[in-house]
Amino acid sequence: MTARIIDGKAIAADLRAAVAAETHRLISAHGLVPGLAVVLIGDNPASKTYVASKSRAITEVGMRPLDHYLPASSSETELLGLIQKLNADPAVHGILVQLPLPLQIDPAHILASIKPEKDVDGFHPLNAGRLATGLPALVPCTPVACIKLIKTVHDSLVGLDTLMIGRSHIVGNPLSQALLNENATVTVAHTFTRHLPELCRCAELMCVAIGCAEFIRGDWIKPGATVIDVGINRVSRGGKSRIVGDVNFAEAVKVAGAITPVPGGVGPMTIVCLLVNTLRAACMQAGLPPPAV
Ligand code: NAD
């Protein structure tokens, strides 16, 4: 048996087209151009690349990119001042502060200072609390991406035996909440979990976000299960560098029913889900119904 490959690139391209269509509808029907402010502090090369690709994606769908660059020496007060301005600016519907921040700035202070209705990363405690209590919320982009990918395989997640491996605030924790909100039966595993292979073997759906290259082995996977691999790990073998997931893909593809590849699975969907969140935030702020994406 060979698993169906969940083609994140193709699914992301379809979603991007739907977001572009919805953006053009908002502009022509309401004169509303969704604006996303991306704030980068310092010149971390990886962060610069992420910010550039986010700006490109925003422009491509017809939204307005509003990038802000601050020097690495900026103080917390300076950054809070910029966020206050962006919170008050009606042309800005979404605010994203690229992490990690320089050591002199406390990310918790910064994330809590973003207006919850402009918090397109979904990291504000109010949005986290709304998600945890099943209320409408801006949900972090990677969990949104995972749910959309899962739904290309499963029409309904109701009662599905699901194992979430990882409990970070960015992926594992909000994804387990989002899965619960879909009425899946969710077990959460983390660094201190015992008997992980046995837990894996019971899961009809497994989502993995741990940051350990090819950690999940093929013989841990229940035959026919759906596997969502969030991991992005750079490994060097034989002098060549490449990106692999948290799941041993070559083994897993022989056992699973459906699986996301790395690269080309969750990654391409995550950035499009940032656009979805920006669209949602813009509609919310304009008092319009949520977008149909
Ligand atoms: P993190 O380090 O913040 O959290 C890792 C979590 O995994 C922790 O909760 C930890 O308890 C758990 N964990 C670690 N090792 C474990 C083990 N051996 N067994 C069980 N649990 C274990 O990481 P993160 O920010 O959640 O990211 C996880 C991975 O996902 C990374 O590879 C990251 O690069 C990737 N990521 C991908 C995307 C995407 O768009 N595809 C987005 C965000 C993160």
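Below, all heavy atoms of this structure are taken into account, side chains as well, without hydrogens, waters or symmetry copies. The chain is numbered in sequence order, starting from 1. This one's a predicted model, so the numbers in the text were calculated from it and none came from an experiment. For ligands, and for the atoms within them, numbers begin at 1 and follow the listed sequence.
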What pairs with Q177 under side-chain contact (heavy atoms from CB on, under 4.5 Å), at least two apart in sequence or on another chain? L131, A132, N173, L180
Any protein heavy atom nearer than 4.0 Å to atom 2 (O) of ligand 1: no
What's the shortest distance from atom 4 (O) of ligand 1 to any protein heavy atom, and which residue and atom give it? S168 CB, 3.6 Å
Using a strict cut-off of 4.0 Å, indicate which atoms of ligand 1 neighbour a heavy atom of V171. 26 (O), 43 (C), 44 (C)
Proximity flag G267 to ligand 1, non-hydrogen atoms under 4.0 Å: yes
Would you mind checking which non-hydrogen protein atom is closest to atom 8 (C) of ligand 1, with the distance to 0.1 Å? R167 N, 4.0 Å
Nearest heavy-atom pair of T185 and G159: which atoms, and what distance? OG1-O, 3.4 Å
Please state which option from I210, L199, V188 has its nearest heavy atom closest to atom 5 (C) of ligand 1. I210
Before signing off on this row, confirm whether T270 and ligand 1 have an N or O atom pair separated by under 3.5 Å. yes
If only atom types and distance count, is the side chain of R201 paired as donor or acceptor with the main-chain N or O of D219 below 3.5 Å? yes
What protein heavy atom sits nearest atom 30 (O) of ligand 1, and how far off is it? V230 O, 3.5 Å
Heavy atom of the protein closest to atom 32 (O) of ligand 1 (residue, atom name, distance): I232 N, 3.0 Å
Which part of C212 is near ligand 1, with near meaning a heavy atom under 4.0 Å away: side chain, backbone, both or neither? side chain
Least distance between heavy atoms, V171 atom then A209 atom: CG1-CB, 3.6 Å
Sub-4.0 Å atoms of ligand 1 with respect to non-hydrogen atoms of N233: 32 (O)
Give the atom numbers and elements of ligand 1 that come within less than 4.0 Å of a heavy atom of G211. 28 (C), 29 (C), 31 (C), 32 (O)
protein heavy-atom neighbour closest to atom 18 (N) of ligand 1 works out as F215 CZ, 3.4 Å
Return the closest protein heavy atom for atom 21 (N) of ligand 1 as residue, atom name and distance. H190 C, 3.1 Å
Show which residues join L196 in its hydrophobic cluster (side-chain heavy-atom contacts under 4.5 Å, direct or indirect), or state none. I5, L163, I165, L199, M206, V208, I210, F215, I216, W220, I221, V227, V247, F249, V253, V255, I259
Short question: side chain of E22, backbone of A18 - any donor-acceptor pair under 3.5 Å? no
Closest to atom 42 (C) of ligand 1 among protein heavy atoms sits T142 OG1, 3.3 Å
Do you know the tightest heavy-atom contact between A12 and P268? CB-O, 3.6 Å
Answer yes or no: does an N/O atom from L196 fall short of 3.5 Å to an N/O atom of ligand 1? no
Any heavy atom of T193 closer to ligand 1 than 4.0 angstrom? no
Show the nearest heavy-atom pair for residues L66 and A91, with the distance to one decimal. CD1-O, 3.8 Å
Give a yes or no on whether the backbone of A20 and the side-chain of H24 come within a donor-acceptor separation of less than 3.5 Å. yes
Ignoring hydrogens and angles, tell me if any N or O in the side chain of N127 forms a donor-acceptor pair with the backbone of P116 under 3.5 Å. yes
Which atoms of ligand 1 are found less than 4.0 Å from any heavy atom of G166? 6 (C), 7 (O), 9 (O), 12 (C)
Note the single closest protein heavy atom to atom 10 (C) of ligand 1, along with its residue, its atom name and the distance in Å. T191 OG1, 3.1 Å
Using side chain to side chain contact (heavy atoms under 4.5 Å, CB included) as the criterion, point out the one residue from T260, T162, V153 that pairs with I228. T260
At their closest point, which heavy atom of D246 faces which heavy atom of G211, and how far apart are they? OD2-N, 3.0 Å
